[in-house]
2 protein chains.
Amino acid sequence: MTGPRDAATRKADTLRMWATPEIDVWVATASPEGEAHLVPLSLAWVEERFVVALQASARTARDLRANGRARLAVGPTRDVTMIDAVLEREVPVSEDAGLGVAYAAQADWDPRGSDGYVFLVLRPERVQAWREADEIAGRTVMRRRSWLV
Amino acid sequence: MTGPRDAATRKADTLRMWATPEIDVWVATASPEGEAHLVPLSLAWVEERFVVALQASARTARDLRANGRARLAVGPTRDVTMIDAVLEREVPVSEDAGLGVAYAAQADWDPRGSDGYVFLVLRPERVQAWREADEIAGRTVMRRRSWLV
């Protein structure tokens, strides 16, 4: 054991994790009827935003369009980053070339050319990072869209 | 590659995963205001129910009490089981000795004696299990509380 990580280390580990090739994100949303949904999706971290690609008609896309917010998790349960995020924009996968290149470079598949797929671009507002119980204190590393270190 | 697993193998793998010592569950809930929440919690699989222990005042407990439903995930994103579950009962951790023993035997901590903690007992209604894209077809292994194999 090396004890809990300091804030700067947690931020650095968090950013490294989000940029990992072929990493996934858990996306939790709520429907207008108040039902929770949860799916794993391939993640790209592009210009300080989370980018996922999915069918425009998928439940997660519909929930995000309706209420604009999601709760995300990246990493395993014992080395986790939890993110409260807002939907910043939505664009068909063929209509933003830069985003398509960036997404395909990190994710393990390329949605460009898949009919009906969109990119959802999510901005983190609050981020928490912890591994074990000794890191619960000090787990908030971003608040109101600002890194605390 | 061995190709997609058949239904019986998925069910067996799923039950084995849920009974793994020190495994966690992602719990997604929605608040009465329609906000999604998501947390990782230590899991016990007891008498065909998911059991988690948390503070009675925790957001996840409040959401479940209010609307009775959660969406759960157990396993990594590329070997996942997704569960739609309903809250069957809630009991203070000191008031159900059998549940306390069973929970502590599987989880990596023992909540008995922690003031204000409750067990939430969740019953699965629908379960999906898949690893990679080749397993999306046939991923539903339980529907309306019944295993399909």
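Lettering of chains follows the sequences in order, A, B, ..., and the numbering in each one begins at 1. Just so it is clear, the model here is predicted, and its values are computed rather than measured.
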Side chain, backbone, both or neither: which part of Leu72(B) has a heavy atom under 4.5 Å from chain A? backbone
Grab the two heavy atoms, one from Ala30(A) and one from Gly34(B), that are nearest each other, plus how far apart they are. CB-O, 3.2 Å
NE2 on His37(A) to CG on Asp84(B), rounded to 0.5 Å: 8.0 Å
Is it true that Leu43(A) and Val141(A) fall in one hydrophobic cluster, defined by side-chain heavy atoms closer than 4.5 Å? yes
So Met82(A) and Val39(B), do their side chains get closer than 4.5 Å, heavy atoms only? no
Exceeds 12 heavy-atom contacts within 6.0 angstrom, atom CZ of Arg145(A): yes
Checking Ser42(A), Pro40(A), Pro76(A) against Thr77(B) for side-chain contact (heavy atoms from CB on, under 4.5 Å), the one that qualifies is Pro40(A)
Let me check something: do Tyr117(A) and Leu120(A) share a hydrophobic cluster, defined by ILVMFWY side-chain heavy atoms less than 4.5 Å apart, either directly or through other members? no
Judged by atom type as modelled, is there a donor-acceptor pair below 3.5 Å linking the side chain of Arg71(A) to the main-chain atoms of Leu38(B)? yes
Joint cluster assignment, Trp18(B) & Val27(B), ILVMFWY side-chain distance < 4.5 Å: yes
Would you indicate whether Asp6(B), at its atom CG, is surrounded by more than 12 heavy atoms from other residues, nucleotides or ligands within a distance under 6.0 Å? yes
With chain A as the partner, which of Glu35(B), Arg69(B), Arg78(B) has the greatest number of non-hydrogen pairs under 4.5 Å? Arg78(B)
Considering all heavy atoms, the nearest Ala28(A)-Ala28(B) contact: CB-CB, 4.1 Å
For atom CZ of Arg65(A), decide whether the heavy atoms of other residues, nucleotides or ligands shown that lie under 6.0 angstrom number more than 12. yes
